[in-house]
Amino acid sequence: MIVIDTENELILNTYRKSPDKSVAQCAELAHRQLILDLIFTYFVERNIADAEQMMQNYFITDGYTPQFRSLFTANEISNLCEQLQIVYLNSNVKIKGEAISRGISKENMIASGAVYTQHAIVKYIVSNTLKNIEITEDIKILDFACGTGRFYKECIDKLISVGIPSETAVSKCIEATDINPIAINITRLKACTYLDDITEKNLQSIAKNIRCENALMPREMAFGGLFVSPKDEKLFDAIVSNPPYLVLKPSHKTTPEHAEQMRKQVEYFRKSGQYRHSVEGMLNLYQLSIERMLQMLKPNGELGVICPSTLFADQSATNLRKYLLLKNKVRHITYYPEKAELFENNVTQATNIFFLQKNGITDNISITADNKSFDINIDSIKELFPNNLEIPLISGKDWLILKKVSKFPRLKTIKNVRNKRGELDLTLNNKFITSEPTPHLLIRGKMITDKGVERTSQEYVSEDFINIKSSDYQRYDYGKVRLIGQNICNIDNPQRLRFAFSEPNDILGNSCNYLSSDIDTLKKLHILLSSALLNWRFRLTSSNNHINNYELDELPIADLNNIDQSMRFNSNRELNIFVCNLYGLDKAETEYICNL
């Protein structure tokens, strides 16, 4: 695209003039400049009097002086700006001599947590959020974390389609907020495209309604202060959003300044009192955003959100999930697998879209998964997942099987079984690992296969390690055969559970999990854990690559008295049929599980 060539030229010029700045910093400055130039060109092409002053007053110019770009026309500029932003988020720039190149990179996208939703998905979310509201000229709608305003634009189109004048929709009905000034400028430009006449009054309304701000942290708040919702805070009839997906945890690429900023944000979110349902575990902006949006909704207001599917499955989202289900009316959830192409940022993410009415009562939830729809009653969720209220990504047939297997006691209720993570921390206890042979072979998770443990490693553990372990470990686990499994297995791997037997003197790294008990019990558990049925059950609520002990604890365990620990099976299918029969599955259900 010629617009990319123009931006590349700007980057080179900025780099030549700014030897104290990195290539990434120059790329950002040039990107901001070109977006402002294009908006200025749009104003000039629309014959706006004193276009430069209007820009300075009602757009975020950061001191830049925009210039006219004669190569571009008003009709194409809005789309060009959006495409430029997407390209910027998905690339990195390299300069060698006078040559500039762009490579595909998610670095900018990950740093901002910004992903761009496909237009068809945006339309689906907006139409289903607004269908339960009477649309009048008094309606108030918010595009939360608007990015370049895709939801904002779809909301305007929806209001126009039912007879609301475009100028009324822009000036009164629809608002947007985002933390990124470039994205806000693009959204304000989109608003301008709906106006027959761009006046100072209209621009004042646009600047007021499309705000560059951190909606999660009101300006009135100081770190550590108690949250008091401002009395004049505007509440909305409907909010639609693709909130940022960003874990507030510094990585090895995080600068010290950014890490400190994250630390202060986490401190605020945990201590302000504003957030009560989204601050357990590692903080994620999408969960905080959902709680904030609910605060900004009117009673009985409607919410439509696309976010990671972990919201309805992961333990870290339990408090927020319970709040959504027990204090509001969750109307519908549509699940999308990781392979679904919902975003334009080359993002692969297991995702869901949900619709909710604030303060309503959840009863039957309409579920869509694998292009099939069915209803799940909240009482069934409470019965099957009483602790965490998970709603896994499964079909109606899966729910029927789940009801059968959930009648059996959980692994955590079996008193003579210990479910633990490997005893040697591979980082903290690294000094005990040696290449000199000792009686203790170090077992890593990757050594565990369907056929047993690959014992070709040349890593051992010194005797001194045993002395630092607890008395419980030395009494119940040390020197005993254990049933061991991987602690990490890719979420897309069809066989998530892999268990094998250790030798008595093996030392397990923390990339392993283990079960310890008497050998007969372990052999019976091995039969169950090797089955397609328990692998299926585990996958239902596992939302990441970890095989967590708390997830293993929730596995239903058939009556071990009905299993002969010496049984041998001629095939996996024979084992799977045997296990399905233990759990009371009928022939069709058994065949379904065997064919997964």
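Since we're looking at a predicted model, the values are computed, not measured.
- Taking the six-membered ring for Trp and the full ring otherwise, the centers of Phe144 and Phe151 sit at least 6.0 Å from each other.
- Within the 3.5 Å criterion, the main-chain N or O of Asp425 finds a donor-acceptor partner in the side chain of Asn429.
- Ion pair Arg418/Asp477 flagged as a salt bridge, since at least one NZ, NE, NH1 or NH2 atom sits closer than 4.0 Å to an Asp/Glu carboxylate oxygen.
- Look at Glu423 and Arg482 and you find a salt bridge, because one of the NZ, NE, NH1 or NH2 atoms lies within 4.0 Å of a carboxylate O, short of that distance.
- Taken to the nearest 0.5 Å, the CD atom of Glu591 stands 10.5 Å off from the CG atom of Asn576.
- Glu302 pairs in a side-chain hydrogen bond (donor to acceptor under 3.5 Å, both in side chains) with only one of the listed residues (Lys329, Lys358, Arg331), which is Arg331.
- Side-chain N or O atoms of Asn284 include none that pairs as donor or acceptor with a backbone N or O of Tyr245 at under 3.5 Å.
- A salt bridge is defined here as a Lys NZ or Arg NE, NH1 or NH2 lying under 4.0 Å from an Asp or Glu carboxylate O, and Arg444 with Glu459 meets this definition.
- For an aromatic pair to be called close, the ring centres must be under 6.0 Å apart, and Phe355 with Tyr124 satisfies this.
- With hydrogens and angles disregarded, no donor-acceptor distance shorter than 3.5 Å links the side chain of Tyr473 to the backbone of Tyr478.
- For the pair Lys480 (side chain) and Asn505 (backbone), a donor-acceptor distance under 3.5 Å is absent.
- Taking a cutoff of 4.0 Å between a charged side-chain nitrogen and a carboxylate oxygen, Lys407 and Glu383 do not qualify as a salt bridge.
- In summary, the side chains of Thr351 and Ser309 do not present any donor paired with an acceptor at a separation below 3.5 Å, with no hydrogens or angles considered.
- Not a single donor-acceptor pair under 3.5 Å links the side chain of Asn548 to the backbone N or O of Tyr550.
- In this structure, NE2 on His526 lies 10.5 Å from CG on Leu515, to the nearest 0.5 angstrom.
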